[in-house]
Amino acid sequence: MDIIVRENYEEMSEYAAGVIGRFVRNKPYCVLGLATGSTPIGTYRRLIKMHREGLDFSKVVAFNLDEYIGVGINLDVPYEVDQSYARFMHEELFSHINVKKENIHIPDGLTKDPAGFCSWYEEEIKRAGGIDLQLVGIGGDGHWGFNEPGSSLASRTSIQALSPQTLSDNYESFYKKAGVERDKMPHFAITMGIGTILDSKNILMIASGVNKADVVAKCIEGPVTSQITSSAIQLYAGGVTVALDKAAASKLQNLQHYIHIERLKEEYGMG
Ligand code: GLP
């Protein structure tokens, strides 16, 4: 696991966008797994800038991690009302880069057949050749996507009930600002499973802020447990990079060791 610590959110975002940008440049026909939340916004802004400077997304296939049940993209509905992840992705990234519409996959929160949709989503990922690089954030309760405490670490794309903490965090971050009443917020979501995420060939996890420090430490240094579903990162066999700002890294017991490894890798040209 490469743990990269940067001074602040901006530098962490710069680093994460650099990883994704280099990936797309080296493998134009790649399959990217993408995430929502406030953390990736800085990364997406930088990717948009890179695109304006020539980075080509025209061959990229994208799969998003998750979507709330009961919402979906409808560009006729004003942003304040539509808090779907589909709209988030459209506004924060897709409408600013040249990814083809037909190459974008976001779980359909309006599907009439959620279980059927979940199987189809898994198949679609396989048909695309699997995810080359999956970007993930981390929820306050340690989730990836919406794999809440107690979800199997082998889970596939499925419907999940949101935990009280996720409801509260996501209400504060998004729904409250939009003036949506708390009980009107969706309580269920479609999410790639932990097993689905672990099938990706590379994972890039990002986290920022002191509020994430405890959960980041549990994820990276605590026991592997379904109570912190992102702790499955410790079982992951592919290439994994965790990009943190100093605040999010502040509770890591072995922080000095991770910083030392990064310096060594730089020194020996292994970064
Ligand atoms: C949501 C998403 C997760 C994301 C998490 C953290 O719950 N489903 O994929 O990692 O929010 O969000 P933030 O970056 O706003 O802390």
Side-chain angles (χ1 to χ4, degrees), residues 8-10 12-13 16-17 32-46 62-72 83-89 91-93 105-109 118 121 131 133-151 155 157-178 180 185-194 196-198 200 203-216 218-220 228-233 240-245 247-249:
N8 52 36
Y9 176 73
E10 298 305 326
M12 181 278 289
S13 303
L32 292 183
L34 297 172
T36 51
S38 26
T39 314
I41 292 176
T43 305
Y44 292 157
R45 297 221 165 120
R46 283 161 179 81
F63 283 90
N64 259 79
L65 278 173
D66 49 12
E67 178 63 282
Y68 294 107
I69 298 251
V71 297
Q83 287 293 314
S84 69
Y85 283 166
R87 178 173 279 272
F88 174 95
M89 290 307 297
E91 306 252 323
E92 300 294 344
L93 183 67
H105 305 80
I106 300 176
D108 180 5
C118 291
Y121 206 64
I131 292 171
L133 174 62
Q134 176 68 56
L135 175 67
V136 284
I138 181 170
D141 63 4
H143 70 210
W144 271 347
F146 275 123
N147 294 281
E148 301 291 43
S151 303
S155 60
T157 301
S158 67
I159 312 299
Q160 291 281 322
L162 308 192
S163 71
Q165 185 173 353
T166 298
L167 284 170
S168 161
D169 290 350
N170 292 8
Y171 179 72
E172 291 296 326
S173 304
F174 292 99
Y175 281 84
K176 190 173 169 184
K177 284 183 206 145
V180 175
M185 186 186 161
H187 281 51
F188 293 88
I190 301 180
T191 180
M192 276 186 205
I194 295 296
T196 321
I197 296 169
L198 294 180
S200 312
I203 293 178
L204 170 60
M205 182 170 113
I206 54 175
S208 158
V210 71
N211 291 347
K212 292 285 171 71
D214 275 320
V215 81
V216 163
K218 285 181 184 160
C219 162
I220 294 173
I228 302 284
T229 57
S230 57
S231 65
I233 199 168
V240 59
T241 303
V242 180
L244 306 169
D245 63 12

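Counting starts at 1 for both ligands and their atoms, following the listed order. These figures come from a predicted structure and were not determined experimentally.
Closest to atom 6 (C) of ligand 1, if we only count protein heavy atoms, is I138 O, 3.6 Å. Of all protein heavy atoms, the one lying nearest to atom 2 (C) of ligand 1 is Y85 OH, 3.5 Å. The shortest contact between atom 14 (O) of ligand 1 and any protein heavy atom is with T39 OG1, 2.4 Å. In terms of protein heavy-atom proximity, atom 15 (O) of ligand 1 is nearest to S38 OG, 2.6 Å. Shortest contact from atom 16 (O) of ligand 1 to any protein heavy atom: K212 NZ, 2.5 Å.
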Practice prompt. Please step through ring-ring contact (aromatic ring centres under 6.0 Å, His included) for the pair Y68 and Y175, ending with a clear verdict.
Written response: CA-CA 12 Å; Y68 294 107; Y175 281 84; 5.6 Å; yes
Practice prompt. Under the side-chain contact (heavy atoms from CB on, under 4.5 Å) rule, what do H105 and N64 come out as? Steps first, then yes or no, please.
Written response: CA-CA 6 Å; H105 305 80; N64 259 79; over 6 Å; no
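Every atom of ligand 1 is numbered from 1 in the order shown, and the set under 4.0 Å from a heavy atom of D66 is 2 (C), 8 (N), 9 (O). Of all atoms in ligand 1, listed by their number and element, those nearer than 4.0 Å to a heavy atom of G137 are 10 (O). Ligand 1 places these atoms under 4.0 Å from at least one heavy atom of G145: 2 (C), 3 (C), 8 (N), 9 (O). Contact atoms of ligand 1 toward T36: 4 (C) (distance under 4.0 Å to a heavy atom of the residue). Taking every heavy atom of H143 and a limit of under 4.0 angstrom, the matching atoms of ligand 1 come to 1 (C), 3 (C), 5 (C), 7 (O).
Residue A35 places no heavy atom under 4.0 Å from ligand 1.
For F188 and F146, the ring centers sit 6.0 Å or farther from each other.
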